[in-house]
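Any value given below was found using the heavy atoms of this structure, including those in side chains, with hydrogens, waters and symmetry copies removed. First the proteins, then the strands, lettered A, B, ... as listed; each starts at 1.
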Amino acid sequence: MADRDTGVEKIEIGDGAAIPVPEDRGLLSAWWIALCGTIGLLIVLPLVKPDPYADILRFVPDGILVTFEVTIASISLALVVGLITGLGRISSNRFFNLLASLYVEVVRGIPLLVQLFYIYFALGRFVRVPDIVAAVIAMAFCYGAYMGEVFRAGIKSIDFGQTEASLSLGFNHRQTMMYGILPQAWRTILPPVGNEFIALLKDTSLVSILAVSDILRRGREYASESFNYFETYTMIALIYLLITLVLSRLISTMEHRLSHYERR
Amino acid sequence: MADRDTGVEKIEIGDGAAIPVPEDRGLLSAWWIALCGTIGLLIVLPLVKPDPYADILRFVPDGILVTFEVTIASISLALVVGLITGLGRISSNRFFNLLASLYVEVVRGIPLLVQLFYIYFALGRFVRVPDIVAAVIAMAFCYGAYMGEVFRAGIKSIDFGQTEASLSLGFNHRQTMMYGILPQAWRTILPPVGNEFIALLKDTSLVSILAVSDILRRGREYASESFNYFETYTMIALIYLLITLVLSRLISTMEHRLSHYERR
Amino acid sequence: ATDATWPPMEFVNARKQIVGYSIDYMKAAGREAGFRPVFKNTAWDGIFAGLASGKYDAICSSVSITEKRKKAMDFSEPYYTVRQALIVGRTSHARSLADLKGKKVGGQIGTTGYFAIKAAEGVIPKSYDEIGLAMEDLNVGRIDAVVCDDPVAANYALLKYKDTLKIASVIKTGQVEQYGIAVRKGNTGVLDLVNRGIRAVKAKGIDQELKKKWIGQ
Amino acid sequence: MNDADPIIRIQNISKYFGTFLALDKVSLEVRIGEKVVVLGPSGSGKSTLLRAINRLETIQSGTIIVDGHDLYAPGEDINRIRMELGMVFQSFNLFRHKTVLENLTLAPIRLKKMAPDQAAAVAMALLDKVGMADKAGSYPVQLSGGQQQRVAIARALAMEPKIMLFDEPTSALDPEMIGEVLDVMVDLARDGMTMVVVTHEMGFAREVADRVVFMDAGAIVEEAPPEVFFDNPRHARTRKFLQQIL
Amino acid sequence: MNDADPIIRIQNISKYFGTFLALDKVSLEVRIGEKVVVLGPSGSGKSTLLRAINRLETIQSGTIIVDGHDLYAPGEDINRIRMELGMVFQSFNLFRHKTVLENLTLAPIRLKKMAPDQAAAVAMALLDKVGMADKAGSYPVQLSGGQQQRVAIARALAMEPKIMLFDEPTSALDPEMIGEVLDVMVDLARDGMTMVVVTHEMGFAREVADRVVFMDAGAIVEEAPPEVFFDNPRHARTRKFLQQIL
Ligand SMILES: Nc1ncnc2c1ncn2[C@@H]1O[C@H](COP(=O)(O)OP(=O)(O)OP(=O)(O)O)[C@@H](O)[C@H]1O
Ligand SMILES: Nc1ncnc2c1ncn2[C@@H]1O[C@H](COP(=O)(O)OP(=O)(O)OP(=O)(O)O)[C@@H](O)[C@H]1O
Ligand SMILES: [Mg+2]
Ligand SMILES: [Mg+2]
């Protein structure tokens, strides 16, 4: 996110699920309806029409596991990359700064799917890694750039006085970042990180193209054998929806918890 | 974007390319370097190693056209869907409001790729439309939800006094929206719309999976025949990068133009 | 490696096992020659790149032996002879690719079937990630025909979509097309092993049993 | 209808915000050409009353009849009635994306289907009247608060309303700009416009008002000509208010 | 080093912000136990001088020697030197995510490797001294400005600095809280701490200062004991400043 100073209120729409908050009542009731509807369909469809719906439900669970594995591994790596990138983007060292900016600019300019293919095949040339690892590296490489911007904005949102106070106590720059700034920045960073987490979870569906057996891959396999495309994708969509709905709620709860020290 | 009132500065990272602004010097020089590097590589590589690089450049141009067609058609449709959704989300009619919220919540919870598959196959069952149309409908359906939130935020950012003034002159609600609010909201809306445009352009790479012959599909076809995976994806990535870099700059210029009436 | 989206040659069954004619064939060959194949599901799109980079030792995925491919990798002795079949809708009158000028014809990306479509004059080729997607599109009428290997074609047109699709013809490409196991160029160790297995399978007639089991011939 | 007939007839209206009673059985009549100034402490319901007159606030009981039209009668077109009621807000609320001239011509062109050049001619005449003709091409942000408010008055007049409602038109202005806006309002009063004005400008009230209405806690406490109101108020509440404010 | 030796020795330092000269060949010595109050109009460079002493601002020429260590000597560990210099800011700058107690113990535990319970004991003693022991478990946002500043002073003291630097410690406070902070500072001065204080509190300067330093336009204009400074200033600039402020 570039800091634009145009004097207009800025709108930025993350690409995670909408995280419901008490203030937005329309969205909150929509959240509840969506959740109940999703769970309802996931229960009713297999009962009413076990073939194929119950079959599909039996077929995909290990895909859910893979999706979570890829998501968690990718986001962890992306957080590390993002932290380094974010620090680079605010660094006064011109070289690191430019390097980080360039990374961000290039990664944001190329579709994730192209990056996935590229890293998958390019990596394959030089090192021999399992495809799931290649997929994780590719996801983290891409999301690292977005995380970098999140960290940068988060760190910049912390009053510079905190840095000065920390330095004047005798902490060096690294310690200041670690004990003084990042623990506070975390709070500003958590909502967008949660957002990116959900976005990443959704984007892991792309690794199915690399034949990683995630939810979508399992669905495609089932569909290509049974030809129940419509039914299969219905269930796949419902499963994703359930996961993101629950996660988005968890994140909004966590966010609330994390800000305990700002309450009077 | 839910209106969260946590008293913390909010970070939201759009998923378009970073749009360079004069204030962010690191990003601006990164933009220039990325642009020159991209153009340089696109010229030098085919000259130095015509086989395969020049071949690839000859192979993909019609894919670029398709990518643009899909992008422009999708964003146009998404804007319409988004406007309706946005109006629904701020409507005081509980039914429309809930419907719009539900649409937003569900669409955001399901990966674009799954939606693409789903709409593609589900549509195929009931109506016979060309695949490119199915792809556009699927993209617009998904992006319409994001656009809806953009419109909502944009409309809400306009001072309510403008609405009251318009009503008190005798305009009805529709006219007020049309003459008074939307023309102003457009200005707040343009940056995120530009952002979504670029994000959508990148996401059109997903339609390659539905056998729409966009840039990526063309590249994959070339690679699968020539086995030059690495070289092909290099060129594909560079082409996308060039497009998004140029677009992001165009958008930031346009944004500047549009705000003429706020300048003293 | 195998792209298990190609029934009945290789696909994922309801118990998530990779099964099919090619799979059983390799298992039998392994038994005969003393190796145990481990199958790895891989997207067709990158299957050759993966072989070149050493992600796996061999491809057993209905790979037709072509001159172009021979330049990039080594092949075992052929283990199956295929023809390219043209599948069309039940009511279509098309008999050959020549009848489909100006029409859309689909195939899987990077397959010999797709190359045949591209070679045909006047036909609009469409490439899919998986053959099943092409079949579904044909089924709903987005395309007018699909070209693929005949056992696969038979599987779709005669079993799964028997009410809507039919095999129009077998395309004459001029040369005999055969499946082989692909290995990395110069990897003679694996190649010899595989060849030994294939010879033994043929000698014992196991291949005929497998054909009955999977293809019904 | 002769000049003495009330053009606004408010009878027993009540308005709740949730459970909070903002207007408590208020009745008020305004005759053609009359200038009524509404005074009262903050939160007493002055704005709510004014906004109820053109239904920017909906009331829960009572009736409001403007120029013979019942605001809540089924079949009445509220937008037609609003055209007869010009309103001026504390925060000007000019259309920020339109020039001064466009602010004045938008409604006549769109709602009265006036020809654009006729609308522009009318608009220029009005801008001249409020002393803003030279700024016709400017955008609102380029104007001072006082200038914006004068344009806002002209914009309301462009619809040729029968009544003008003012809600604290000068409270958002720096002191040096209050005068220029009040002058425009005094001129308007001289021209015979029917006006209902919520303001804290006592000088204006004394000079222009035919009648002063004092509100407190959602009710009208006292109604009197300005001489009586300021020099001889009847109610204790009124006296207290005047002490505080003068 | 005896008590009369300067513990801070600033020689001829200059500091530019871009092309703007913020400190113009300033020299100043502070002896152990001495209390120096720095006065001067806004923008005269007081904060810059104070911040230069612990290198929160880097200077372009001149030398600063603190407790025998040259701030700019290669090989000198600036973080060690900063531990000897406690700093108190106008805006308190307490760590918002730490409780009052944690604010005091963080640096001793991390930097002096003090055992957590020992650090807590020391911290409680200091909090007691500044009258904030009962708020040890609170977070900064839960405290008033005056309370936060007292905690900030205690936090600086927790590192057992040899010198305390104060940059307008009371200017961000409501008047009723200034006293409680000044009291803490007076106590500290009585305990013999070496202090350099930028402030506009003339009462404090008179009562506590051994020496008053007056700055203008980046230079030290006058240095004198408070009696002389306030009652008998030598420079015209000083007199003008005192007239404005008193
Ligand atoms: N939209 C609203 N929702 C809830 N309460 C409201 C709303 N608008 C006004 N009120 C309340 O109604 C009461 C009357 O408000 P009103 O704005 O009419 O007062 P006023 O006399 O105009 O005051 P002021 O001089 O401050 O403008 C106030 O107590 C106010 O808080
Ligand atoms: N980071 C900076 N960049 C540029 N100029 C600065 C910076 N910090 C301070 N200055 C300038 O240096 C001059 C001295 O600033 P300084 O803060 O030392 O003044 P001061 O005496 O503390 O004033 P005050 O009483 O307002 O705090 C001022 O003109 C100020 O504008
Ligand atoms: Mg009011
Ligand atoms: Mg200062």
Q) So what's closer than 4.5 Å to chain E heavy atoms on A/Thr163: side chain, backbone, both or neither? A) neither
Q: Give, for atom CZ of E/Arg155 and atom OG of A/Ser168, the distance between the pair rounded to the nearest 0.5 Å.
A: 6.5 Å
Q.
Looking at every heavy atom in both E/Ala107 and A/Phe171, which two are closest together, and how far apart are they?
A. CA-CZ, 3.5 Å
Q) Got more than 12 heavy atoms from elsewhere within 6.0 Å of OH, E/Tyr16? A) no
Q. Is it the backbone or the side chain of E/Leu94 that comes under 4.5 Å from a heavy atom of chain A, or both, or neither?
A. backbone
Q | Atom pair CG (E/Asn79) and CG (A/Leu169), whose distance is rounded to the nearest 0.5 Å | A | 11.0 Å
Q. Measuring from E/Arg51:CZ to A/Leu167:CG, what's the distance to the nearest 0.5 Å?
A. 10.0 Å
Q: Sort A/Asn172 into side chain, backbone, both or neither according to what part of it lies under 4.5 angstrom from a heavy atom of chain E.
A: both
Q | Heavy-atom neighbours of A/Phe95 CZ exceed 12 at 6.0 Å | A | no
Q.
Is E/Phe89 close to chain A through its backbone or its side chain, or both, or neither, when contacts mean heavy atoms under 4.5 Å?
A. side chain
Q | Per-residue contact mode, E/Leu56 against chain A (heavy atom under 4.5 angstrom) | A | side chain
**Q.** Atom pair CD/NZ of A/Gln184 and E/Lys98 - distance to nearest 0.5 Å
**A.** 9.5 Å
Q: Give, for atom OH of A/Tyr179 and atom CD of E/Glu102, the distance between the pair rounded to the nearest 0.5 Å.
A: 14.0 Å
Q. NE2 of A/His173: more than 12 outside heavy atoms within 6.0 angstrom?
A. no
Q) Just by modelled atom types, is the A/Leu182 backbone N or O under 3.5 Å from a matching donor or acceptor in the E/His97 side chain? A) no
Q.
Given 3.5 Å as the limit, does a donor-acceptor pair link the side chain of E/Asn93 with the main chain of A/Gly161, or not?
A. yes
Q) Given that the side chain runs from C-beta out, which part of E/Met83 has a heavy atom under 4.5 Å from chain A: side chain, backbone, both or neither? A) both
Q) Among E/Glu84, E/Arg110, E/Met87, which residue forms the greatest number of heavy-atom pairs with chain A at distances under 4.5 Å? A) E/Arg110
Q: Could you go through the side-chain contact (heavy atoms from CB on, under 4.5 Å) check for A/Gln175 and E/Leu111 one step at a time?
A: CA-CA 10 Å; A/Gln175 291 164 329; E/Leu111 296 175; 3.6 Å; yes
